[in-house]
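Comments concern the structure below.
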Amino acid sequence: MPNYWLFKTEPETFGWERLKREGRTEWSGVRNYQARNHMLSMKLGDLGFFYHSSIPEPGIAGIVRVVREAYPDFTARVRGGDYYDPRATDANPIWQMVDVAYEAEIPRYVSLAELRGNVALAATMLLLKRGSRLSVQPVHVREWKIILDLAGRP
DNA sequence: GCCAACGTTGGC
DNA sequence: GCCAACGTTGGC
């Protein structure tokens with residue numbers, strides 16, 4: 001029984017098309033403790049929605065699978081890099097990442113507006129909560145199924 | 001421990 | 001580009 005997640009990304013930085021091309025990627029650069037803690041609790045085989053943010057029509061573009069459980073995010077150690085954190089050490093890396101892989105295409109892109117339009121989702125889904133901006137977040141199995149259903153509708 | 005100031009996220 | 005919401009920092 002896998003757990004379900006949602007990974008936010010700006011397609012301009014790393015989008016669904018690129019993941020499909022490359023097959024797999026390191027989910028590095030997360031610098032929020034709550035998001036990190038979610039990654040720490042991920043298990044091999046967990047599934048996630050791949051969500052496109054900061055575009056005219058944000059939404060869910062596809063499905064990914066966790067193919068490596070949490071390990072230290074080395075980008076925190078790259079001096080001068082965008083994700084450098086001077087507090088990170090070998091003994092205490094602070095930040096973690098997982099690897100995710102392309103899992104499946106969804107039949108249809110599900111926009112944020114459409115998610116909001118679903119009463120059940122609007123009531124519970126973290127993504128839709130006012131002010132919510134967590135870049136890695138859990139998705140309830142109930143929500144997962146509703147969204148798959150939406151994606152399958154013409 | 002409080003809270004103001006600041007930087008960032010991300011929808012609109 | 002605007003701005004509300006959020007997380008973090010640092011003075012006190």
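Every chain is numbered from 1 and lettered A, B, ... according to where its sequence line falls, protein lines coming before strand lines.
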Discussion item. Please enumerate all residues that pass side chain to side chain contact (heavy atoms under 4.5 Å, CB included) together with A:A35, with sequence neighbours excluded.
Written reply: A:V30, A:N32, A:L134, A:S135, A:V136
Worksheet item: Where along residues 25-33 of chain A does a heavy atom fall under 4.0 Å from DNA chain C?
Response: A:N32, A:Y33
Fill in: Rounded distance in Å - NE2 (A:H38) to P (C:dG7)
11 Å
Fill in: Per A:R116 side chain, nearest of listed nucleotides B:dG10, C:dT9, B:dC12
B:dC12
Item to complete: Specify the separation, in whole Å, of atom CG of A:L127 and atom P of B:dT9.
Response: 16 Å
Worksheet item: Looking at residues at least two apart in the chain, or sitting in another chain, which of them share a salt bridge (Lys or Arg N to Asp or Glu O under 4.0 Å) with A:E143?
Response: none
Practice prompt. Check whether any side-chain nitrogen or oxygen of A:K8 sits under 4.0 Å from OP1 or OP2 of B:dG10, and answer yes or no.
Written response: yes
Worksheet item: salt bridge (charged side-chain N to carboxylate O under 4.0 Å, His left out): which pairs involve residues 117-129 of chain A, sequence neighbours left out?
Response: none
Response to the item:
A:R31 meets the side-chain hydrogen bond (donor to acceptor under 3.5 Å, both in side chains) criterion, sequence neighbours left out, with A:D73, A:T75
Item to complete: Can you tell me the distance, in whole Å, between the OH atom of A:Y83 and the C1' atom of B:dT8?
Response: 13 Å
Fill in: Set of residues satisfying ring-ring contact (aromatic ring centres under 6.0 Å, His included) with respect to A:Y33, sequence neighbours excluded
A:W95
Contact list (N/O, under 3.5 angstrom) for nucleotides 1-4 of chain B vs protein:
none

Worksheet item: Taking only residues two or more places apart in sequence, or in another chain, which ones meet A:D82 in a side chain to side chain contact (heavy atoms under 4.5 Å, CB included)?
Response: none
Discussion item. A:A101: which residues meet the side chain to side chain contact (heavy atoms under 4.5 Å, CB included) condition with it, sequence neighbours left out?
Written reply: A:R24, A:V67
Practice prompt. Apply side chain to side chain contact (heavy atoms under 4.5 Å, CB included) to A:A113 and list each qualifying residue two or more places apart in sequence or on a separate chain.
Written response: A:S111
Scan the side chains in residues 43-61 of chain A for donor-acceptor partners under 3.5 Å anywhere in the protein, sequence neighbours excluded, and list what turns up.
unit_1	atom_1	unit_2	atom_2	d
A:D46	OD1	A:N3	N	3.0
A:D46	OD2	A:W5	NE1	3.0
A:D46	OD2	A:K43	N	2.9
A:H52	NE2	A:W16	N	3.0

Worksheet, complete the sentence: Note: contacts of residues 9-19 of chain A with DNA chain C (heavy atom, under 4.0 Å) are none
Worksheet item: Under the criterion side chain to side chain contact (heavy atoms under 4.5 Å, CB included), which of A:L128, A:V110, A:I146 is the partner of A:N118?
Response: A:I146
